[in-house]
Amino acid sequence: MRLRFAPSPTGYLHVGGARTALYNWLLARHSGGTFILRIEDTDQSRYTEEAIDAITEDLAWLGLQWDEGPGVGGEHGPYRQTERGAVYSEAACRLLWEGKAYRCFCTPKEIAARHEAEKVDARTARREHACRFLSEEQVARLEAQGVPSAIRFKVEEGTTIVRDLVRGDVVFDNGIIEDFVLLRRDGTATYNLAVVLDDTGMAITHVVRGDDHLSNTPKQLMLYAALGVEPPRFGHLSMIVGTDGKPLSKRFADVSVGFYREKGYLADAMVNFLSLLGWSLDDKTTIIDRESLITGFSLDRVTSKPAVWDIEKLDWMNGVYIRSKSDEELAELLVPFLRRAGYDLDSARLARAVPLVKERMKVLEDAVPLLSFMGAADPGLEEDARKALQTDGARRMLAASLEALESLPVFEAAQIESALREVAERLGLKPRVAFQPVRIAITGNKVSPPLFGSLALLGKEASLRRIERALKE
Ligand code: GLU
């Protein structure tokens with residue numbers, strides 16, 4: 001199987017695109033086939049290098065490595081449409097020559113007006129454009145006058161059946177398909193022409209893509225027939241909807257992969273979650289590692305029903321993946337998050353802190369406020385935290401804790417705990433009340449990871465210094 005993901009680089013990788021890429025990748029890996037990345041940048045003005053980088057970085061982060069494409073090369077390149085222009089114009093001219101296409105001299109304004117008029121009576125939607133019936137002489141005259149023209153494909157009467165691998169047979173009436181443009185007036189290819197020639201040139205065997213392209217497929221099948229080429233098999237993936245049942249949009253959820261990556265969703269969790277948007281291994285398994293996805297994936301179990309984007313499920317799943325990591329692995333993953341927030345902690349030190357926060361994280365980002373106390377600088381105090389240090393009980397607790405901790409020969413969580421419990425008891429304070437000022441002194445916060453472990457991690461010297469400082473507040 002030769003499969004491809006063919007994004008238009010619009011600035012970021014959409015989660016729907018990521019699901020399409022994943023399914024293609026899984027089919028390629030499952031079958032020992034080839035996964036190709038092709039950049040569909042025919043509409044040059046809109047696309048930038050950064051937009052392409054954004055997509056390739058997100059794909060690489062998800063671990064969906066392509067076997068042919070940008071940065072990798074391959075026998076069927078180039079893999080960017082803007083570099084394939086000659087192939088498109090040559091094919092369009094051939095279709096023109098063979099009478100399967102014609103020159104259209106209408107201006108965009110005229111066409112827009114006609115479309116407007118057709119909407120008035122949908123049943124009379126015109127398949128053919130007037131230019132289809134120009135005589136050879138008329139065409140020659142207009143060309144000689146230098147009137148610019150597009151090249152349109154001649155849609156013939158009848159029906160076109162898309163034998164879809166996901167939805168079964170879908171029948172289209174050619175009567176409502178307009179003679180579509182192959183080459184624009186400026187000589188650039190349209191999506192439908194380029195995609196057919198690219199999929200042919202890249203020997204694609206299976207086109208698996210979003211069902212927003214289903215209505216393009218009959219046009220593409222007509223083109224394959226006109227070009228005398230065997231078409232690939234097609235499978236159209238259902239739409240992703242929010243829990244409100246509406247198509248996933250920016251208003252409902254964050255739709256870029258980059259957003260999830262930056263919050264600290266793990267790539268493996270993301271892949272697992274995306275895999276289940278329209279496919280299932282069986283009726284019950286939800287946590288499926290990458291290897292099992294590759295082994296178990298098939299189009300037979302892909303559904304045509306809309307897939308629901310359920311953020312709670314993703315959060316839950318991410319937690320499962322986070323907890324399945326070793327402390328060392330998690331520490332490595334956390335370093336960039338803490339760095340970004342201005343805390344420069346090495347991963348060995350972080351690995352010791354990970355057990356304190358592992359159970360409390362849904363996403364990696366959650367660890368930042370919890371672990372910030374480990375940074376070099378002493379924490380600043382919020383107004384209400386400062387106030388909580390002013391009570392008589394708090395001051396007595398801090399002073400007595402300072403003394404007790406100072407004399408501890410071993411500064412580990414267990415020893416710290418028994419020393420502080422003893423102090424609380426001696427002062428007649430409930431543990432919960434007694435430990436709060438110590439927590440604030442150490443972390444600057446009323447909420448923190450487990451206190452005794454935090455003290456041990458911070459170390460004796462810094463802990464004592466912070467308590468002394470709190471006493472001066
Ligand atoms: N470039 C198209 C898109 O981003 C995909 C076309 C295709 O897969 O055929 O929607």
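When a residue number appears, it is its place in the shown sequence, counting from 1. Both ligands and their constituent atoms are indexed starting at 1 by order of listing.
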Exercise for review: Kindly state whether the ring of W309 and the ring of Y260 have centres lying under 6.0 angstrom apart.
Suggested key: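 Centroid separation for W309 and Y260: below 6.0 Å.
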
Exercise for review: State which residues pass side chain to side chain contact (heavy atoms under 4.5 Å, CB included) with P218; sequence neighbours excluded, sorted by chain then number.
Suggested key: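 Listed in chain order: T160, V162, F172, I177.
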
Review point. Looking at residues at least two apart in the chain, or sitting in another chain, which of them share a side-chain hydrogen bond (donor to acceptor under 3.5 Å, both in side chains) with R233?
Key: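 Per chain and number, R233 pairs via side-chain hydrogen bond (donor to acceptor under 3.5 Å, both in side chains) with no residue.
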
Review point. Got a sec, which residues hit side-chain hydrogen bond (donor to acceptor under 3.5 Å, both in side chains) with E143, two or more places apart in sequence or on another chain?
Key: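 With sequence neighbours excluded, E143 shows a side-chain hydrogen bond (donor to acceptor under 3.5 Å, both in side chains) to R103, given in chain and number order.
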
**Study point:** Shell of residues surrounding ligand 1, defined by a 4.0 angstrom heavy-atom cut-off that is strict
**Key:**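 Within the 4.0 Å shell of ligand 1, which is judged on heavy atoms, sit R4, A6, P7, S8, E40, Y191, V195, R209, H213.
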
Check your understanding: Are any of the side-chain nitrogens in D199 or R2 under 4.0 Å away from the carboxylate oxygens of its partner?
Key ->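 Answer for the salt bridge query: no.
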
Practice item. Measure across L334 and A367 and return the closest heavy-atom pair with its distance rounded to 0.1 Å. Key: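 Here L334 and A367 meet closest at CD2-CB, 3.7 Å.
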
